[in-house]
Amino acid sequence: MTTSESFFDLSSRVAVITGGARGIGLAISERFARAGASVAIVDRDEEACAAAVATLQAMGAKAISVSIDVTVEAQVEEMTQRVVAELGGYDILVCSAGIVGRNAFAWETSAEEWREVLDINLTGVWLCNKHALSVMRPADYGRIVNIASIAGKEGNPKLGPYSASKAGVIGMTKSLGKEVADTGIRISSIAPAVIHTPMLDQVNQETIDYMVSKIPVGRTGLPEEVAALVHYLASEEASFTTGACFDISGGRATY
Ligand SMILES: NC(=O)c1ccc[n+]([C@@H]2O[C@H](COP(=O)([O-])OP(=O)(O)OC[C@H]3O[C@@H](n4cnc5c(N)ncnc54)[C@H](O)[C@@H]3O)[C@@H](O)[C@H]2O)c1
């Protein structure tokens, strides 16, 4: 743990990170492990999940891998129970699992493509939040951070289902934040602009150039920069904020 990270000590905390096997989720998992948390990596990519857990264990962290599809409620429920049984609690949830979907105009997009993106990016986040709250409410403590996107605020052309799903995450987080505001649970969303991760392999260069051109800082963000913001929001210190959407867009969002 570095001196600066010790301000947001997570040493008695159990954290679940969906989509934790790669990209932003992996950077968050590594940062949480350095801050002392026990970490459950939850991802449908079983191999990448196991590799991420091995990395955390090599750092000296307690970590388990739970390979599930976040769109299947029975699997989310089972994952929640496993985390409590194997790690002794459930204090923090970060929902990073997501897909971009095909780059296409609305009139080229099928209903199946629309539903797949909404199912993973919005329903999957709702299911994980719902079941985490079933443990956090009786404990009267919890921190949830849902990874939305600047696309949910502004809408990126040819990414309609993605933009709609992320707007949904921002709205759902506002609603859930208010539902538990009188407890020790705090729920936030964050809206990153384009971040350098394997997810960009799903996006064509023209779209990446368009997204970077809108960022005043003039570059893509780093997963580690996102992890730093999430670390604060997942800490006990983030006690007087809930339901809000935090910006991490290199100046793209001005609201
Ligand atoms: N990279 C960016 O530019 C960017 C910008 C804004 C927001 N985001 C959001 O941040 C989050 C993480 O993005 P990333 O760039 O790290 O992506 P990534 O593709 O590198 O990682 C996403 C992970 O989610 C997992 N996943 C996908 N569907 C799943 C499912 N149904 N069940 C369980 N796991 C599943 C994948 O296996 C993968 O490991 C996503 O929600 C994304 O929309 C990313």
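Order of listing sets the numbers, starting from 1, for every ligand and every atom in it. Since the structure is predicted, the reported quantities are computational estimates derived from the model, not experimental observations.
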TODO: Identify whether the distance between the nearest side-chain nitrogen and carboxylate oxygen of R219 and E225 falls below 4.0 Å.
DONE: yes

- [ ] Using a strict 4.0 Å cut-off to heavy atoms of G23, name the atoms of ligand 1 that fall inside it.
- [x] 16 (O), 20 (O)

Open item on the list: Which option wins on minimum heavy-atom distance to atom 1 (N) of ligand 1: I195, I120, V100?
Closed with: I195

Task: Test item: side-chain donor near acceptor, N146 and T173, under 3.5 Å - done: yes

Task: Closest protein heavy atom (residue, atom, distance) for atom 6 (C) of ligand 1 - done: P192 O, 3.3 Å

Task: Heavy atoms from other residues, nucleotides or ligands near CD of E46 exceed 12 (cutoff 6.0 Å) - done: no

Task: For atom 32 (N) of ligand 1, the protein heavy atom that lies nearest, with its residue and separation - done: V70 N, 3.1 Å

Task: Test item, A148 contacting ligand 1 (heavy atom, 4.0 angstrom) - done: yes

TODO: Using side-chain contact (heavy atoms from CB on, under 4.5 Å) as the criterion, point out the one residue from I150, D247, I248 that pairs with P192.
DONE: I248

Open item on the list: Which residue and atom name correspond to the protein heavy atom nearest atom 15 (O) of ligand 1, and how close is it?
Closed with: T197 OG1, 2.3 Å

Task: F240, CZ: over 12 other non-hydrogen atoms inside 6.0 angstrom - done: no

Open item on the list: Check contact between A193 and ligand 1, using heavy atoms of the residue and a distance below 4.0 angstrom.
Closed with: yes

- [ ] Return yes when D69 approaches ligand 1 closer than 4.0 angstrom through a heavy atom, no otherwise.
- [x] yes

- [ ] Give yes or no for whether the N/O distance cutoff of 3.5 Å, strictly under, is met between Y162 and ligand 1.
- [x] yes

TODO: Using a strict cut-off of 4.0 Å, indicate which atoms of ligand 1 neighbour a heavy atom of S149.
DONE: 6 (C), 7 (C)

- [ ] With heavy atoms only and a cut-off of under 4.0 Å, state how H196 meets ligand 1: side chain, backbone, both or neither.
- [x] neither

- [ ] Could you tell me whether R252 and E154 make a salt bridge, using a distance below 4.0 angstrom between a side-chain N and a carboxylate O?
- [x] yes

Task: Polar contact flag, side-chain donor to acceptor under 3.5 angstrom, E73-H131 - done: yes

Open item on the list: With a 4.0 Å cut-off on heavy atoms, is V226 in contact with ligand 1?
Closed with: no

- [ ] For atom 36 (C) of ligand 1, find the nearest protein heavy atom and state the residue, atom name and distance (0.1 Å precision).
- [x] D43 OD1, 3.4 Å

TODO: Looking only at non-hydrogen atoms, find the nearest pair between A148 and S189 and report the distance.
DONE: CB-CB, 4.5 Å

TODO: Check whether more than 12 heavy atoms from other residues, nucleotides or ligands sit under 6.0 Å from atom CD of E78, and answer yes or no.
DONE: no

Open item on the list: Distance under 4.0 Å to a non-hydrogen atom of I68: what atoms of ligand 1 satisfy this?
Closed with: 32 (N), 33 (C)

Task: Contact with ligand 1 for M211, non-hydrogen, under 4.0 angstrom - done: no

Task: Atom CZ of R82 with >12 non-hydrogen neighbours under 6.0 angstrom - done: yes

Task: Which atom of V194 lies closest to which atom of V212, heavy atoms considered - done: CG1-CG2, 3.9 Å

Task: Nitrogen or oxygen of R44 less than 3.5 angstrom from that of ligand 1 - done: yes

Task: atom 26 (N) of ligand 1: nearest protein contact (heavy atom, Å) - done: A97 CB, 3.9 Å

TODO: Would you kindly specify which portion of A48 sits under 4.0 Å from ligand 1, judged on non-hydrogen atoms: side chain, backbone, both or neither?
DONE: neither

- [ ] Ignoring angles and geometry beyond distance, decide whether V42 reaches within less than 3.5 Å of ligand 1 through its nitrogen or oxygen atoms.
- [x] no

Task: Sub-4.0 Å atoms of ligand 1 with respect to non-hydrogen atoms of S96 - done: 11 (C), 12 (C), 40 (C), 41 (O)

Task: Which residue and heavy atom of the protein sit nearest atom 18 (P) of ligand 1, plus the separation - done: R22 NH2, 3.5 Å

Task: Sole residue of L222, T220, I24, L26 in side-chain contact (heavy atoms from CB on, under 4.5 Å) with T197 - done: I24

Task: K158/E108 salt bridge by N-O under 4.0 Å criterion - done: no

TODO: Examine the proximity of ligand 1 to I24 and report which part, side chain or backbone, both or neither, has a heavy atom under 4.0 Å away.
DONE: both

TODO: Write out the residue and atom name of the closest protein heavy atom to atom 10 (O) of ligand 1, then the distance separating them to 0.1 Å.
DONE: I147 CG2, 3.2 Å

Task: Nearest non-hydrogen partners of L93 and A132, listed with the distance - done: CD2-CB, 3.9 Å

Open item on the list: One pair to check against salt bridge (charged side-chain N to carboxylate O under 4.0 Å, His left out): R13 and E236. What are the steps and the verdict?
Closed with: CA-CA 10 Å; R13 300 300 180 195; E236 212 173 318; 3.0 Å; yes

Task: atom 41 (O) of ligand 1 [closest protein heavy-atom partner, distance rounded to 0.1 Å] - done: K166 NZ, 2.9 Å

Task: Atoms in ligand 1 with a heavy atom of V194 nearer than 4.0 Å - done: 3 (O)

